[in-house]
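Naming convention: chains lettered A, B, ... in sequence-line order (proteins, then strands); numbering from 1 in each chain.
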There are 2 protein chains.
Amino acid sequence: MRNSNARAESEVVMLREICNVCARCEIRSLAICAALQENEVAALESIMTSRELAPEETLLHEGDKRRRVYSLTSGMLRLSTILFDGRRQITGFLMPGDYLGLADEEVYTTNVEAVAPSVLCSFSVQDMDNLMQRFPKLKERLYLFTRAALRQARDDQIMLGRLAPVEKLASFLLLLSARAKSHQQPDNPVPLPMSRSDIADYLGLTIETVSRSFTKLRTQGLIRLEDAHLVEILDRRALAAVAGIERH
Amino acid sequence: MRNSNARAESEVVMLREICNVCARCEIRSLAICAALQENEVAALESIMTSRELAPEETLLHEGDKRRRVYSLTSGMLRLSTILFDGRRQITGFLMPGDYLGLADEEVYTTNVEAVAPSVLCSFSVQDMDNLMQRFPKLKERLYLFTRAALRQARDDQIMLGRLAPVEKLASFLLLLSARAKSHQQPDNPVPLPMSRSDIADYLGLTIETVSRSFTKLRTQGLIRLEDAHLVEILDRRALAAVAGIERH
DNA sequence: CGGTCCTTTGATACAACTCAACGTATGTGG
DNA sequence: CCACATACGTTGAGTTGTATCAAAGGACCG
């Protein structure tokens with residue numbers, strides 16, 4: 001019994017070395033994993049399981065007990081909250097390298113759903129807590145992510161509270177472009193995996209107003225819509241001016 | 001020379017023991033200080049200086065280098081961002097026990113001004129970093145504060161993006177009431193130290209619409225305005241219903 | 001090829017903004 | 001001490017812009 005266990009374990013180790021998922025992970029430098037050295041990543045990998053999501057599939061419900069945390073490796077997720085009468089606010093889109101569960105304590109405070117087919121690394125909260133105790137750098141990086149998320153949420157407050165529809169859309173497109181770039185992807189034809197409805201619920205608008213805002217930017221020559229889900233930025237400077245960037 | 005230094009230092013220690021500001025601090029259990037034991041607080045106090053602000057006085061400018069961090073002990077502050085054309089968004093109000101500089105990295109990302117006469121504990125970033133290294137619980141508590149701030153910012157996103165003016169105001173009043181309560185203050189006649197203009201810039205409205213929303217809540221019998229800066233909540237349940245609380 | 005879903009465009013309604021006036025409180029100088 | 005000025009809040013009238021309602025154009029799939 002003991003022998004067979006030991007053999008099984010060593011086989012697992014071998015398989016890991018062959019597969020070593022993390023070592024071949026393309027977005028490792030972006031995610032929390034970057035906090036760990038080459039030889040330390042194995043510890044993370046040993047508590048990790050993989051999870052795939054189809055578009056529109058739900059990962060987490062607001063109010064559910066927070067048992068697992070995640071790191072997105074590919075695809076796109078959305079964080080959303082639904083009001084009692086069906087109104088929805090999307091509080092953010094997650095891209096590869098982003099971490100899930102930054103804000104939550106005992107329970108999840110938002111719904112999380114896939115916008116595009118997505119792959120995640122999944123960890124039990126307890127395992128991750130242990131690992132963070134062992135590698136303080138991991139916790140440090142998570143804290144860094146949390147501060148960045150807070151800055152982004154505050155930028156969103158400005159956008160939601162004080163920008164006009166076209167300004168909202170312009171700043172949204174620039175945000176997506178900037179994040180694509182920071183994720184080592186081309187920043188110009190910007191892919192929009194989410195629906196107009198998702199964009200509307202992020203910007204605090206209706207789908208019709210979003211659509212009209214796209215049209216305005218297009219007729220002004222600032223963007224080109226290859227199709228509804230791929231935007232080419234033609235005049236970045238003018239788009240930034242519309243977005244009301246350059247504060248004060 | 002050495003002797004006189006030593007004597008001066010011991011005198012400072014004695015004075016501290018006599019004054020021991022932190023020991024008598026009323027909001028200590030709320031602020032980051034609560035992370036430390038009785039006997040550890042002296043370390044915090046030794047790197048602390050006090051700072052007072054008159055109403056409308058500016059503490060920090062967006063973009064300035066982040067050299068100091070603060071803990072608010074009394075009064076109220078506002079976090080704000082100004083757009084190039086003068087539009088303003090207030091991203092939060094700070095109450096006693098709240099910490100300043102949760103989101104910032106190299107530079108401050110918001111302006112900070114006093115709404116009411118305020119007193120703060122001020123620390124150099126470097127001193128605080130050292131202290132956090134010495135007392136990990138301090139950093140832990142700061143991280144906790146940051147997660148709470150992120151949850152609040154996301155609640156604000158919902159409010160800004162999807163609530164109607166009266167709903168916004170109702171949820172604002174309930175927020176203030178809840179925070180007053182959590183700060184061991186009476187939660188019913190809610191004091192509003194800030195101006196209508198501040199409220200408008202927090203809720204993403206104009207002052208006129210804020211004023212009309214107050215009137216609506218008043219004529220519906222949900223609140224009573226003793227004066228413009230003191231609100232009595234008459235029907236908390238109905239106010240919560242208007243606020244669109246009870247998500248989903 | 002017909003059906004569904006998503007996006008865009010058009011017409012209309014209404015709510016929040018803008019502009020304006022009035023009321024109230026506070027403070028200052030004659 | 002009162003008259004006046006200033007700042008702030010409330011209320012009213014009119015305008016504008018976004019939401020709503022409606023329909024048509026495309027893309028995708030069975």
Participant: Contact boundaries of DNA chain C with chain B (under 4.0 Å, heavy atoms), 5' to 3'?
Facilitator: dA16(C) to dC19(C)
Participant: Would you please name every residue forming a salt bridge (charged side-chain N to carboxylate O under 4.0 Å, His left out) with Arg78(A), sequence neighbours left out?
Facilitator: Glu56(A), Glu113(A), Asp198(A)
Participant: Grab the CG-P distance between Leu192(B) and dC8(D) for me, whole Å please.
Facilitator: 16 Å
Participant: Can you build the contact string for nucleotides 15-30 of chain D? Use B for base contact, S for sugar-phosphate-only contact, and - for no protein heavy atom under 4.0 Å.
Facilitator: ---SSBB---------
Participant: Find out whether the Lys NZ or Arg CZ of Arg68(B) is both under 6.0 angstrom from the six-membered ring centre of Tyr108(B) and within 45° of the ring's axis.
Facilitator: no
Participant: Find the distance Ile207(B):CD1 to dT10(D):P and express it as a whole number of Å.
Facilitator: 9 Å
Participant: Would you check if the side chain of Thr209(B) reaches a backbone N or O of Leu205(B) as a donor-acceptor pair within less than 3.5 Å?
Facilitator: no
Participant: Centroid separation under 6.0 Å, is that true for the rings of Phe93(A) and Tyr202(A)?
Facilitator: yes
Participant: Listed by chain and number, what are the salt bridge (charged side-chain N to carboxylate O under 4.0 Å, His left out) partners of Asp156(A), not counting sequence neighbours?
Facilitator: none
Participant: Under the rule for salt bridge (charged side-chain N to carboxylate O under 4.0 Å, His left out), what residues qualify as partners of Glu105(B), not counting sequence neighbours?
Facilitator: Arg147(A), Arg151(A)
Participant: Assess whether a salt bridge exists between Arg218(A) and Glu232(A), defined as any Lys/Arg side-chain N lying under 4.0 Å from an Asp/Glu carboxylate O.
Facilitator: no
Participant: Could you list the residues that satisfy salt bridge (charged side-chain N to carboxylate O under 4.0 Å, His left out) with Arg236(A), not counting sequence neighbours?
Facilitator: Asp187(A)
